[in-house]
Amino acid sequence: MTNESIKTASVLAFERKLDPSDGLLFSGEWNRRDQKWKPVELREKAVRGTISNRQKAKDQDPAKLDANIQDPNLQRVDVATLPSNADTLRLNFTLRVLGGAGRPSACNDADYQQALENTVAGYVQQHGFGDLAQRYACNIANGRFLWRNRLGAEAVEVQIRHANSDGEKEWTFDAFAFSLRDFDVPEQFSKAVEELKDVIQEGLNSNRPKFLEVTAFARMSAGQEVFPSQELILDQGGSNQKGRKSKTLYKVNETAAMHSQKIGNALRTVDTWYPEAEDENIGPIAVEPYGSVTSRGSAYRQPRQKQDFYSLLDAWVLRGKEPTVEQQHFVMATLIRGGVFGESQD
């Protein structure tokens, strides 16, 4: 069934349905996880670096290069480390799972909104949120949200707590038992992942939010550097450029922290349906309308392939052309992600 008389709304926005808090970083001991944990603090470090960037051809003359090398590369940076008596990093955040996926928070066209909600209702009736909820559950269990802190750890344990009117439920996972490149569930954790998936799915289906408390422990060596989020400094003007810090880390009330956006990016890294995913061999990417991966400088869902979010959504809602099941999952995951998707008016 087509909706040829309906046009995409010029005002169309969706709230995110997986809503994490900022993550706070603490330090302690792996074998004493019931102890009082201390906040990881930031400190400033001034270092004298050497010039190591690629030089232009005109600057490769030996005399000129020697002169450049003698010019010190002075830097002021923020750094965060575990103290000398602690070998483990703890990251805490909460996650709110909201219902109403596919229902716009703002839409200036009632006919389009009705067509969209009918499309979403058809998807929910046919497929439900089970597949997506399992992928979100795996990304919590595997500790992907730790980012660089996970890669440098000897062991990672993730604890999740869910409290409701029926009581309290807790799950504990060995993050390294899970792969970051797929969503296969280790047999020993299949029951726990299924229960966690059910909570997330219920939250996406319900009018009442579900709340999860997530705590991850990453065992390292005492004194090792840890990695909070880095701040983006927008105001780069002024005359005292040399006195500015070249790296500013994020903190909340003097405690090193991870941006909620960075945690959310990890949780929505579920897209394995982009074109040539197997050929690229990079594993899941974060759900983005154009499949953008800034660290690789690539967009894996080009509009010319008609596999980007807007092409798939318009074909599905306006022309009644159902995408494949995998691409339906992608469209719904993008609506869960949230954003402003209205059609610009020239």
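All values below were derived from every heavy atom in this structure, side-chain atoms included, with hydrogens, water molecules and symmetry-related copies excluded.
Side-chain heavy atoms closer than 4.5 Å link hydrophobic residues (I, L, V, M, F, W, Y) into clusters, and following such links, even through other members, never connects L98 to V287. Residues V124 and V97 are members of one and the same hydrophobic cluster, defined by side-chain heavy-atom contacts under 4.5 angstrom among Ile, Leu, Val, Met, Phe, Trp and Tyr. In this structure, V252 is a member of the same hydrophobic cluster as F26, with clusters built from ILVMFWY side-chain heavy atoms closer than 4.5 Å. In this structure, L42 is not a member of the same hydrophobic cluster as V226, with clusters built from ILVMFWY side-chain heavy atoms closer than 4.5 Å.
In this pair, Y123 and H329 present their aromatic rings perpendicular. The plane angle is above 60°, beyond the 30 to 60° band.
Because its NZ or CZ atom is both nearer than 6.0 Å to the ring centre of F227 and within 45° of the ring axis, R148 counts as a cation-pi partner of that residue. A cation-pi contact, defined as under 6.0 Å to the ring centre and within 45° of the axis, links K262 to W147. The cationic group of R33 lies under 6.0 Å from the six-membered ring centre of F217 and within 45° of the ring axis, placing it in a cation-pi geometry.
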Test log, rule side-chain contact (heavy atoms from CB on, under 4.5 Å), inputs R337 and E288: CA-CA 8 Å; R337 166 196 180 271; E288 296 287 346; 3.0 Å; yes
side-chain contact (heavy atoms from CB on, under 4.5 Å) assessment of I282 paired with R296: CA-CA 10 Å; I282 63 171; R296 300 179 69 91; 3.3 Å; yes
Steps toward side-chain contact (heavy atoms from CB on, under 4.5 Å) verdict (L18, R268): CA-CA 9 Å; L18 293 182; R268 70 170 189 271; 5.6 Å; no
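Under 3.5 Å, the side chains of Q261 and R16 contain no donor-acceptor pair of N or O atoms. If you check the side chains of T248 and D78, you find no donor sitting under 3.5 Å from an acceptor. For the residue pair E231/H259, the side-chain donor-acceptor check at 3.5 Å is satisfied. Between the side chains of D271 and Y300, no donor N or O sits under 3.5 Å from an acceptor N or O.
L24 and A257 make their closest contact through CD2-CB, 3.9 Å (heavy atoms, listed as atom of the first residue, atom of the second, distance). Contact record, E29 with D87: CA-OD1, 3.3 Å, taken as the closest heavy-atom pair. Between D174 and V156, the closest heavy-atom pair is OD1-O, 3.6 Å. Pairing each heavy atom of A101 with each of F129, the nearest pair is CB-CZ, 3.9 Å. Nearest approach of A153 to M220, heavy atoms of both residues: CA-CG, 4.3 Å. In terms of heavy-atom proximity, G28 sits nearest to A86 at O-CB, 3.3 Å.
No donor-acceptor distance shorter than 3.5 angstrom exists from the side chain of D111 to the backbone of I6, with no hydrogens or angles considered. Side-chain N or O atoms of Q302 include one that pairs as donor or acceptor with a backbone N or O of A299 at under 3.5 Å. At distances below 3.5 Å, not a single donor-acceptor pair connects side-chain atoms of Q224 with backbone N or O atoms of S221. At least one donor-acceptor pair closer than 3.5 Å links the side chain of T119 to the backbone N or O of A115. Using a distance-only test at 3.5 Å, with no hydrogens or angles considered, a donor-acceptor pair links the side chain of K17 to the main chain of G99. The closest donor-acceptor contact from the side chain of T88 to the backbone of W30 lies under 3.5 Å. A distance-only check finds a donor-acceptor pair linking the side chain of S21 to the backbone of T94 [under 3.5 Å]. Judged by distance alone, the side chain of Q328 and the main-chain N or O of P323 form a donor-acceptor pair under 3.5 Å. Looking only at distances, a side-chain donor or acceptor of R135 sits under 3.5 Å from a matching main-chain atom of V270. With hydrogens and angles disregarded, a donor-acceptor distance shorter than 3.5 Å links the side chain of N139 to the backbone of L267.
Checked against V40 for a side-chain contact (heavy atoms from CB on, under 4.5 Å), the options T255, L91, L89, T81 give a single hit: L89. The side-chain contact (heavy atoms from CB on, under 4.5 Å) test with W171 is passed by exactly one of Q159, H162, R161: H162.
Between the CD atom of Q327 and the CG atom of D308 there is a distance of 10.5 Å, given to the nearest 0.5 Å. With rounding to the nearest 0.5 Å, the separation of CZ in R32 from CH2 in W37 is 10.0 Å. Here the CG atom belonging to N149 is positioned 6.5 Å from the CG atom belonging to L25, to the nearest 0.5 angstrom. To the nearest 0.5 Å, the span separating CZ on R144 from CG on L146 amounts to 11.5 Å. Put simply, CD on Q113 and CG on N108 are 10.0 Å apart, with the number rounded to the nearest 0.5 Å.
A distance of 6.0 Å or more separates the ring centres of Y274 and F330. F341 and F309 have their aromatic ring centers within a separation under 6.0 angstrom. Ring pair F178/F189: centre-to-centre distance below 6.0 Å.
Within 6.0 Å of atom NZ in K247, more than 12 heavy atoms from other residues, nucleotides or ligands are found, so the atom counts as buried in its surroundings.
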